[in-house]
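Working notes, beginning with the structure itself.
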There are 2 protein chains.
Amino acid sequence: MKIDRAVLKSLPLFDRMTDADLDAMVEHAVSRRVAQGDAVFEQGAPAKSFFLLLHGRLKVTQVTADGQQIIVRVVHPGDLFGFARALQRSDYPGTAIAAAESLTLSWPTDLWPQFVEQNPRLAVTAMQTIGQRLEEAHTRIREMSTEEVERRVAHAVLRLSKQAGKQEGDGIRIDFPISRQDIAEMTGTTLHTVSRILSAWEAKGLVEGGRQKLLVCDYRKLVILADGGRE
Amino acid sequence: MKIDRAVLKSLPLFDRMTDADLDAMVEHAVSRRVAQGDAVFEQGAPAKSFFLLLHGRLKVTQVTADGQQIIVRVVHPGDLFGFARALQRSDYPGTAIAAAESLTLSWPTDLWPQFVEQNPRLAVTAMQTIGQRLEEAHTRIREMSTEEVERRVAHAVLRLSKQAGKQEGDGIRIDFPISRQDIAEMTGTTLHTVSRILSAWEAKGLVEGGRQKLLVCDYRKLVILADGGRE
DNA sequence: CGGAGACTTGAGCGCTTTCAAATGTGGTGG
DNA sequence: CCACCACATTTGAAAGCGCTCAAGTCTCCG
């Protein structure tokens with residue numbers, strides 16, 4: 001498969017890598033097209049590869065013993081994902097599903113140590129990435145501990161509009177199909193409550209809904225809502 | 001300060017380090033005694049050092065904008081903590097408070113890259129540590145999303161008894177002072193609810209309480225409770 | 001022995017969930 | 001091109017978990 005080197009170079013992960021090192025990495029990479037709804041890997045499966053998302057959008061989910069599902073995070077283009085092995089795991093802790101048609105690049109997990117050795121910067125970047133992810137997780141824990149549902153949903157929507165937002169007219173469009181159920185699974189509530197909240201927001205002109213669609217109309221008011229309404 | 005090399009060698013973090021490398025690290029270390037209730041570092045302060053807990057127990061907390069506090073994690077002897085800088089942060093994301101009299105070892109953050117370079121294994125271990133912490137965070141998110149309070153408290157208590165449990169008679173003693181408030185801040189509930197739950201458990205003979213004390217009497221029943229009561 | 005802080009416990013209420021059913025939307029096959 | 005089906009969404013009503021408010025008790029420490 002032919003991958004444009006320039007595309008990779010534009011990613012923070014690779015921007016300081018030499019052409020030679022980059023080529024060495026790309027040489028071992030396998031690219032794959034993933035249709036909407038298909039899984040890249042499944043929870044509990046042996047972690048044979050690690051991945052880079054080139055295009056599209058993935059949801060990483062976990063299922064509890066009694067069948068409830070939560071969305072652990074959303075993977076955006078340019079993100080590394082599924083590098084469980086670097087964290088000393090032999091299997092994937094979650095399932096990665098394409099929320100939209102996606103394109104991934106993957107490498108055998110065994111090659112990770114080798115890449116890191118050749119390119120120490122990769123290790124630093126990976127560390128940074130995980131650090132960020134840890135911080136996000138803590139933020140989410142803090143929100144779930146101290147905020148009521150509406151504020152949590154507001155934070156989730158704001159986060160999405162920052163990470164996957166596309167200017168559209170006078171608003172910001174969440175640039176991939178997302179359902180109320182998805183938002184519920186990201187905030188620890190039910191789709192019913194999310195639906196009610198979004199309906200209320202729509203009545204106030206904060207957002208505009210639609211089947212698996214969301215448009216943020218009044219970003220500022222949403223921020224105020226997320227921060228507790230005061231100030 | 002004189003640190004016994006053997007003590008460090010017994011920690012997974014250092015067990016494969018050569019004596020020379022170990023000495024080089026210890027040479028730059030500063031040890032410090034922290035009294036119960038005192039802070040090792042505070043949220044938002046510049047991250048000048050990273051730490052290792054030799055003895056005692058710390059609570060890492062975060063305070064929200066509106067003053068609510070949550071416990072992000074508990075630091076146990078042998079744990080690295082406060083290495084925000086390795087994750088590309090310039091300040092500490094939380095406050096570390098001694099839950100019991102503690103002993104820490106610290107190094108200037110600037111030395112981190114140098115240590116890592118001298119000893120690649122340190123980087124791997126650190127990565128592993130953060131990976132574990134990320135997983136813990138996800139577990140907690142999953143619990144907060146899907147479980148009701150009693151199960152969350154059960155999980156928290158089980159975790160504590162695994163990480164800080166000491167056999168005592170026919171039960172497991174949580175080996176440091178911990179209040180209902182603390183447990184509430186770890187599970188996202190109020191001290192009132194925790195108190196009620198523990199009282200109920202005590203009536204059923206699952207635990208024994210006391211002022212900042214907790215003894216798990218029936219570990220198995222608690223596990224069943226945490227897993228949803230069935231099976 | 002007094003006081004501060006930890007813990008317990010009751011009562012009432014409100015936010016969310018649960019249960020239930022209707023409505024809307026997009027895709028598909030005839 | 002249209003009817004139909006699967007699935008997303010909305011909305012109402014009722015129940016309940018856990019929080020808030022409010023005392024009161026207990027325990028350790030000085």
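Any value given below was found using the heavy atoms of this structure, including those in side chains, with hydrogens, waters and symmetry copies removed.
- The C1' atoms of five pairs define one axis at each end of the helix from C:dC1-D:dG30 to C:dG30-D:dC1, and these two axes lie 40° apart (to 10°).
- The residue B:Arg180 sits close only to the backbone: its heavy atoms come under 4.0 Å of sugar-phosphate atoms, none of a base.
- Two residues are said to be in side-chain contact when any heavy atoms from C-beta on lie closer than 4.5 Å; B:Leu52 and B:Thr104 fail this criterion.
- Ring pair B:Phe51/B:Phe41: centre-to-centre distance below 6.0 Å.
- For the pair B:Thr193 and D:dC19, the criterion of a side-chain N or O lying under 4.0 Å from OP1 or OP2 is met.
- Between the side chains of A:Glu147 and A:His155, at least one donor-acceptor pair of N or O atoms lies under 3.5 Å.
- In this structure, B:Arg89 pairs ionically with B:Asp91, as a charged nitrogen and a carboxylate oxygen lie closer than 4.0 Å.
- Mapped onto DNA chain C by nearest heavy atom, B:Gly210 and A:Glu148 fall at different nucleotides, with B:Gly210 at the one closer to the 5' end.
- Taking 4.0 angstrom as the limit, A:Ser195 places none of its side-chain polar atoms (N or O) nearer than this to OP1 or OP2 of D:dT9.
- Relative to the side chain of B:Val149, the nucleotides D:dT20, D:dA8, D:dG18 differ in distance, and D:dG18 lies closest.
- You can see that DNA chain C meets the heavy atoms of chain A within a 4.0 Å-exclusive cut from C:dT16 to C:dG26, reading 5' to 3'.
- Heavy-atom contacts from other residues, nucleotides or ligands closer than 6.0 Å to CD of A:Glu101 number more than 12.
- Summary of the strand contacts: A:Ser199 and A:Arg211 both lie near DNA chain D, and taking for each the nucleotide with the nearest heavy atom, the more 5' one is attributed to A:Arg211.
- B:Arg159 and B:Glu143 are joined by a salt bridge, as a carboxylate oxygen and a charged side-chain nitrogen come within less than 4.0 angstrom of each other.
- Inspection of the A:Gln132 and A:Glu136 side chains reveals no N or O donor paired with an N or O acceptor under 3.5 Å.
- No salt bridge links A:Glu185 with A:Lys59; every basic N to acidic carboxylate O contact stays at or beyond 4.0 Å.
- Between the side chains of B:Gln36 and B:Asp38, no donor N or O sits under 3.5 Å from an acceptor N or O.
- Of the side-chain N and O atoms in B:Thr189, none sit less than 4.0 angstrom from OP1 or OP2 of D:dG18.
- Rounded to an integer number of Å, the gap from CG of B:Leu191 to C1' of D:dC19 is 11 Å.
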